[in-house]
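Everything numeric here is computed off the predicted structure, so don't read it as measured data. We count ligands from 1, going down the list as the structure has it; atoms in each ligand are counted the same way.
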Amino acid sequence: MKGQLFVISAPSGTGKSTVLGEVRARLTGLGYSVSHTTRRPRPGEQEGRDYFFVDKETFKRMAEEGSFVEWARVYGDYYGTSFFSLEGQLDSGVDVLLDLDVQGARSIKEHFKESVLIFLVPPSLEVLEDRLRNRGTDGQEVIETRLKKARKEIAEFNRYHYVIINDELEQAVEEVQAIILSERSRTGRRAPIVKELFGL
Ligand code: ADP
Ligand code: 5GP
């Protein structure tokens, strides 16, 4: 049986990387789709673990060659999910987590109807602003742009199957884990093993 796709989106600065880091450390059998991006690495980010960092020419060539399941322009840079990063894992039955913006989530839902979409939101726009500032990776102008975009993105919450409010980190991590574990127990996904176990 193929793996399940989990897409997680959040306005920038909500804490998605932090939450996902924890979820990935705690759950087994959960792969991660490493995207390609033209943006520069942030301190601590690693090539091939967080992203494949490529220049615009390489990205454009890959898009023309049809290497991406979906790609989008986000804050002036390009981000894309390659077939390569996704299909090998899915085919071998591994569940895959994708960290995508709202455009990417929409495309994946069209391609993979069974995908599960999770939206992470901050407890308020004021808290989001504080988190963006505390992260210390963006200047004032970038923070303003991200806050404006956040309102528009949050307005799209209805496209997602689940919404998690990242107020207390531990609670948000547990809620994301709970969704993944519940989806793994769906009757359709459990059917092959139940049939095998009980000779049905
Ligand atoms: P994103 O990946 O969504 O852009 P990050 O994971 O980089 O966001 O988090 C943005 C900032 O908010 C970081 O400084 C992070 O430590 C902090 N943060 C994340 N989750 C929480 C939380 N639940 N409570 C307080 N601070 C948080
Ligand atoms: P960041 O630069 O903060 O890592 O990511 C910026 C935004 O791009 C986030 O909303 C993130 O989810 C999104 N993103 C990362 N990879 C991809 C991708 O492959 N496709 C799309 N559509 N969005 C992505």
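- Within the structure, the closest approach of His36 to ligand 2 does not fall below 4.0 Å when heavy atoms are considered.
- When heavy-atom distances to ligand 2 are checked against a 4.0 Å cut-off, Asp101 comes that close through both its backbone and its side chain.
- Compare Ala10, Gly15, Ser9 by their heavy atoms: the one nearest to atom 9 (O) of ligand 1 is in Gly15.
- Regarding atom 9 (C) of ligand 2, its nearest protein heavy-atom neighbour is Lys16 NZ, 3.6 Å.
- Taking a cut-off of under 4.0 Å to the non-hydrogen atoms of Arg39, the atoms of ligand 2 that pass are 1 (P), 2 (O), 4 (O).
- Taking every non-hydrogen atom of Asp167 and a distance limit under 4.0 Å, the qualifying atoms of ligand 1 come out as 22 (C), 23 (N), 24 (N).
- Residue Ser12 places a heavy atom under 4.0 Å from ligand 1.
- In terms of protein heavy-atom proximity, atom 14 (N) of ligand 2 is nearest to Asp99 O, 3.6 Å.
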Derivation and outcome, ring-ring contact (aromatic ring centres under 6.0 Å, His included), residues Phe53 and His36: CA-CA 6 Å; Phe53 297 97; His36 283 69; 9.8 Å; no
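- For atom 7 (C) of ligand 2, the closest heavy atom belonging to the protein is Val74 CG1, 3.8 Å.
- Residue Gly80 places a heavy atom under 4.0 Å from ligand 2.
- By heavy-atom distance, the residue among Leu169, Leu120, Thr18, Leu20 lying nearest atom 6 (O) of ligand 1 is Thr18.
- Using a 4.0 angstrom heavy-atom cutoff, Trp71 does not count as in contact with ligand 2.
- At a 4.0 Å cut-off, at least one heavy atom of Glu70 sits close enough to ligand 2 to count as contact.
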